[in-house]
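What follows is a short report on a single structure.
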Amino acid sequence: MMKPAGQYTSIGGQAVIEGVMMRSPHFIAVALRKPDQKIVIRYLSYSSVSQKFSFLKKPLLRGVFTLLESMVQGVEALSYSAHIAAEEEGQSDELSRWAIAGSLLIAFVLGMGLFVALPHFIAAMVTSSARIQLTAQSPVFHLMDGIFKIFILLVYVYCIALMKDIHRVFQYHGAEHKSIYTFEAGEELIVENARRHSTLHPRCGTSFLFFLVLISVGVFSVIFPVFHLTELSRIPLLNHVLMILVKMLLMLPVAGLAYEFIKACALRMDSPFFRVLIWPGMILQKLTTREPTDDQLEVALASLRQVLRLEKPKECLPLKGFKKQSLEINKLSELEMTQAELAEFSEN
């Protein structure tokens, strides 16, 4: 079932290789299923940049910096999960900080090339034909650009979902959502409760990407004509290259808008209007989530339980303050559940 209304938790997560990362306001935990079926959990404290500079919590800015922090933490979690998998095979390949920075840079360049440059050039070729003859001054150009972006995104997600390893990651993605829903429903964090919930969540990164594309269409349709950004050079090819560079720069503020949109919709799911608005992003999640097994749910719940334990120092003081530690359990029941209320970690 999908949670129709009420509060949502500020705790979020990400699926990794054979596991799930959960992030609470002050801690990160990555739980992984090892080949011997034990669950290893690495946990560490962290301080968001917005906790140091309060102005970064302002609307629009908070979305940009949340996205950047999530990308860094996500790559680190993926690196750790790959390292654990490699260790089981007698190898070791955890990324260094420089390697992580390089991976983020490569991912950024590839993402911009695939989802910004490519659809722009396709739209330019289509609209430059003798029958159409549209320029970037027209909102229709940016609408076509957006359609090509969404098409490329759908094809990309569909193709990688055919890979066996990615299919399992998508199952863990579903397990992450089910675990979060269980906590938001105020239920005990056990497999039996999590199993009943939906794999689709309104605050999912998949929905964020979808609305990032849609909002960019509206933003570019206004900004490019108004500020004459379609006439940056008399050389057609160079003009389009410069427009693409401007679009890349504008993607950060657009990301801030997309974040605020997702947040507003998620907090108003009791309204039919907002449920309709968020519906396309929820449907897209059917491509990036799969029904998890009970073993996968157990891993996701272990990660969530651990960050909640870390956030409750009165009940589990020895765990507080460690920069990076790990523990290993045979089953979820070995990880004592901490009493935590949604109101303590509500999204606002």
Side-chain angles (χ1 to χ4, degrees), residues 2-3 6-16 19-32 41-51 56-57 61-78 80-81 169-170 172-186 189 194 197-212 255-256 258-267 269 278 281-282 284-285 288-289 292 296-297 299-311 340-348:
M2 188 181 77
K3 184 173 180 287
Q7 288 185 314
Y8 287 84
T9 180
S10 58
I11 298 174
Q14 175 184 312
V16 295
V20 171
M21 174 191 77
M22 289 288 183
R23 184 180 71 172
S24 63
H26 305 101
F27 294 93
I28 295 174
V30 183
L32 306 172
I41 307 171
R42 186 178 76 167
Y43 52 93
L44 64 154
S45 61
Y46 85 98
S47 178
S48 171
V49 66
S50 63
Q51 293 172 346
L56 296 179
K57 296 181 180 180
L61 283 178
R62 61 187 176 186
V64 173
F65 285 92
T66 296
L67 173 63
L68 295 175
E69 285 184 334
S70 297
M71 288 177 62
V72 173
Q73 293 160 358
V75 171
E76 289 180 340
L78 281 169
Y80 173 65
S81 65
V169 171
F170 285 175
Y172 277 107
H173 189 190
E176 175 225 328
H177 286 181
K178 284 174 176 281
S179 299
I180 292 292
Y181 268 132
T182 305
F183 177 61
E184 290 172 336
L189 298 179
H197 291 282
S198 172
T199 61
L200 313 179
H201 197 285
R203 291 193 301 109
C204 176
T206 303
S207 294
F208 171 82
L209 287 175
F210 180 79
F211 290 108
L212 178 67
Y259 177 86
E260 297 301 330
F261 176 82
I262 293 289
K263 190 181 184 73
C265 289
L267 294 175
M269 291 295 282
I278 204 71
M282 302 284 282
L284 185 59
Q285 289 179 46
T288 63
T289 62
Q296 291 168 327
L297 282 172
V299 172
L301 290 166
S303 183
L304 180 53
R305 281 193 183 192
Q306 183 63 8
V307 292
L308 290 174
R309 293 174 74 213
L310 291 165
E311 290 284 356
E341 301 295 330
L342 175 60
E344 299 177 73
F345 306 100
S346 63
E347 185 70 40
N348 50 47

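Since this is a predicted model, take the numbers as computed values, not measurements.
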I'd like to check the side chain to side chain donor-acceptor pair (under 3.5 Å) partners of [X]; sequence neighbours left out, ordered by chain and number.
X	answer
T66	none
T289	T199
Q285	S207
T182	none

Looking only at heavy atoms, what is the nearest atom pair of [X] and [Y], with distance?
X	Y	answer
A255	L67	CB-CD2, 3.9 Å
S179	L304	O-CD2, 3.5 Å
V30	Y80	CG1-CD2, 3.9 Å
V307	F27	CG1-O, 4.1 Å

(Q) Under the rule for salt bridge (charged side-chain N to carboxylate O under 4.0 Å, His left out), what residues qualify as partners of E69, not counting sequence neighbours? (A)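 Per chain and number, E69 pairs via salt bridge (charged side-chain N to carboxylate O under 4.0 Å, His left out) with no residue.
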4.5 Å side-chain heavy-atom contact, [X] and [Y]:
X	Y	value
Y259	V64	no
Q14	S70	no
T206	H173	yes

Q: Mind checking side chain to side chain contact (heavy atoms under 4.5 Å, CB included) for V169 and listing every partner two or more places apart, or none if nothing turns up?
A: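 A15.
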Q: Not counting sequence neighbours, which residues clear side chain to side chain contact (heavy atoms under 4.5 Å, CB included) with S303? List them please.
A: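 Here the qualifying residues are M22, A29, A31.
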Q) Using the ring of each side chain (for Trp, its six-membered ring), is H201 parallel, tilted or perpendicular to H177, with breaks at 30° and 60°? A)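 Geometry flag for H177 against H201: tilted rings.
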Q: For F208, enumerate each residue passing the ring pair (Phe, Tyr, Trp, His ring centres under 6.0 Å) test, keeping only those at least two apart in sequence or located in another chain.
A: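 Residues passing ring pair (Phe, Tyr, Trp, His ring centres under 6.0 Å) with F208: none at all.
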Q: Return the set of residues passing ring pair (Phe, Tyr, Trp, His ring centres under 6.0 Å) with F65 (not counting sequence neighbours), or none when no residue passes.
A: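 If we apply the ring pair (Phe, Tyr, Trp, His ring centres under 6.0 Å) test to F65, skipping adjacent residues, there are no hits.
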